[in-house]
There are 2 protein chains.
Amino acid sequence: MEADIAPVAALIADPSRATMLNALLGGRALAAGELARLSGVSPATASSHLAKLLEGGLVEAVRQGRHRYYRLAGHEVAEVLETLAGISRRTPVTSLRQSRQARLLAEARTCYDHLAGRAGVALLDGMRERGYLRHGELTDRGERVLADLGVDVAKARRSRRRFAPECLDWTERRAHLGGALGAAVTEALMAAGWLVRGRTPRAVVVTEEGREGLAATFACEEPAVGGRL
Amino acid sequence: MEADIAPVAALIADPSRATMLNALLGGRALAAGELARLSGVSPATASSHLAKLLEGGLVEAVRQGRHRYYRLAGHEVAEVLETLAGISRRTPVTSLRQSRQARLLAEARTCYDHLAGRAGVALLDGMRERGYLRHGELTDRGERVLADLGVDVAKARRSRRRFAPECLDWTERRAHLGGALGAAVTEALMAAGWLVRGRTPRAVVVTEEGREGLAATFACEEPAVGGRL
DNA sequence: GGGACCTTTCGGCCGGCGTCGAAGAGTGAA
DNA sequence: TTCACTCTTCGACGCCGGCCGAAAGGTCCC
């Protein structure tokens with residue numbers, strides 16, 4: 001009669017699996033062994049976990065040579081994880097290394113397929129302040145600017161996904177740009193070299209070029225990422 | 001460093017607790033004993049579950065006489081549960097009674113504090129078709145119509161909550177009106193007697209008067225609820 | 001084919017947690 | 001005060017599920 005949320009919640013409820021899912025929120029497919037290493041369990045245990053996540057429809061698997069790559073099953077799954085993060089307590093920072101990583105992630109990270117963190121929030125603010133985006137729709141001006149950046153707006157429109165929804169950012173407690181448009185913009189920024197993926201799963205770094213470009217295009221006074229490190 | 005989603009997921013992962021949370025999605029506070037009955041466990045077990053949900057910040061408790069009423073801790077929690085329902089498998093219908101209840105809930109139910117189900121989707125569709133709502137904002141016309149219905153739009157705007165976001169409906173797989181405006185509209189429709197709460201936790205019934213009123217105001221061709229039963 | 005590597009399956013161990021009945025604390029009515 | 005009712009705490013039981021090591025598929029490279 002109802003949708004049975006308990007089984008899905010149980011999949012997320014295990015710390016090892018939660019760590020894996022969180023890593024997959026980076027948007028890229030990761031090999032089973034890497035997920036084992038990240039979550040700190042043996043390959044055997046990780047394999048068992050991944051089989052459950054697969055069975056539960058939270059991840060998809062792709063075989064490639066002797067590796068098996070896993071990725072999130074879709075943006076709906078990513079949204080569930082992000083929403084859940086919004087009502088979860090932050091884990092207290094213990095080590096110096098963690099604190100550095102936390103600062104990096106708060107600065108800029110991916111939220112599955114779009115930009116999040118301070119950079120993501122600033123991007124959305126800038127698009128609004130500059131009149132690119134109004135009431136969840138692109139203005140003519142916004143359409144032109146994004147086209148110049150190489151954003152495939154038409155493709156984003158064709159997607160069945162919501163076009164430009166707000167996505168609540170759990171570090172900033174404010175909204176960043178999500179949905180089909182958020183993904184398209186982020187893709188373009190990566191292609192332009194303004195953003196590059198960091199080492200840890202969800203990390204994103206704004207390049208020097210990107211900092212200038214973002215400031216010029218979106219008037220987000222981008223806090224100096226490099227200076228912080 | 002990250003938000004720790006596993007503990008919260010673990011709270012939702014137990015079937016008894018999930019049933020309780022689902023019942024609380026009706027938006028009303030329910031007594032501990034009633035939640036025990038609904039989830040089919042002893043009062044002792046239910047009490048233990050509720051203590052955990054309380055500790056985890058998913059519910060709030062209010063003492064009133066010898067009863068202790070529990071309600072969801074906020075709309076963020078409701079959103080998590082709804083999002084989770086969106087990626088969960090539907091439970092196969094077993095009994096006739098369940099099938100009847102399922103039909104009723106698919107027709108109209110509350111999504112914590114706003115209307116969901118076919119009626120909720122039709123309401124949003126109608127508001128758009130009639131030009132009350134465009135790009136997530138009320139038009140002047142929409143503002144007038146809602147004011148006539150007794151909707152406190154100003155209060156909804158003052159709320160820190162998002163104003164008129166889409167809320168994905170897990171029975172219809174389409175959007176209904178959520179957020180501060182969705183809650184305000186639903187409140188007004190209840191006050192006007194167009195909607196009344198049903199017996200089971202999340203059930204809502206469109207009254208005869210409501211059917212006419214909704215059709216006249218929102219042009220939602222409301223499927224005949226009464227005729228179906 | 002042989003060897004290194006990645007991943008999965010199997011078996012067994014162990015801890016955590018959901019479950020209940022009984023008893024206790026708090027409230028309301030007579 | 002006494003009884004009835006609601007809810008919580010306590011202690012004990014039992015089971016589910018995460019964990020690992022060893023061994024078995026596959027895959028790639030030499």
Nearest listed nucleotide, side chain of [X], among [options]:
X	options	answer
A:Pro43	D:dG18, C:dT8, C:dT19	C:dT8
A:Arg66	D:dC28, D:dT8, C:dT7	D:dC28
A:Arg63	D:dC19, D:dT27, D:dT6	D:dT27
A:Ala31	D:dC19, C:dT19, C:dT7	C:dT7

Name the nucleic acid region contacted by A:Ala32, choosing base, sugar-phosphate or nothing; use a 4.0 angstrom heavy-atom cut-off, strictly under.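 Sugar-phosphate only.
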
Sugar-phosphate only, base, or nothing, as touched by B:Tyr69 at under 4.0 Å among non-hydrogen atoms: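 No contact at all - B:Tyr69 keeps every heavy atom at 4.0 Å or more from the nucleic acid.
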
Is the shortest side-chain N/O distance from [X] to OP1 or OP2 of [N] below 4.0 Å?
X	N	answer
A:Ser16	D:dG18	no
A:Arg68	C:dT8	yes
A:Arg17	D:dG18	yes
A:His67	D:dC28	no
A:Tyr70	C:dT7	no
A:Thr45	D:dC19	no

Is the positively charged end of B:Arg109 above the ring of B:Trp170, judged by distance under 6.0 angstrom from the centroid and angle within 45° of the axis?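 Checked: cation-pi criterion met.
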
Lys/Arg cation over aromatic B:Phe163: B:Arg157, 6.0 Å, 45° cone: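 Positive - B:Arg157 is close enough to the ring of B:Phe163 and near enough to its axis.
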
Which atom pair, heavy atoms only, marks the closest approach of B:Arg103 to B:Arg118?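 Heavy atoms of B:Arg103 and B:Arg118 come nearest at O-NH2, 4.4 Å.
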
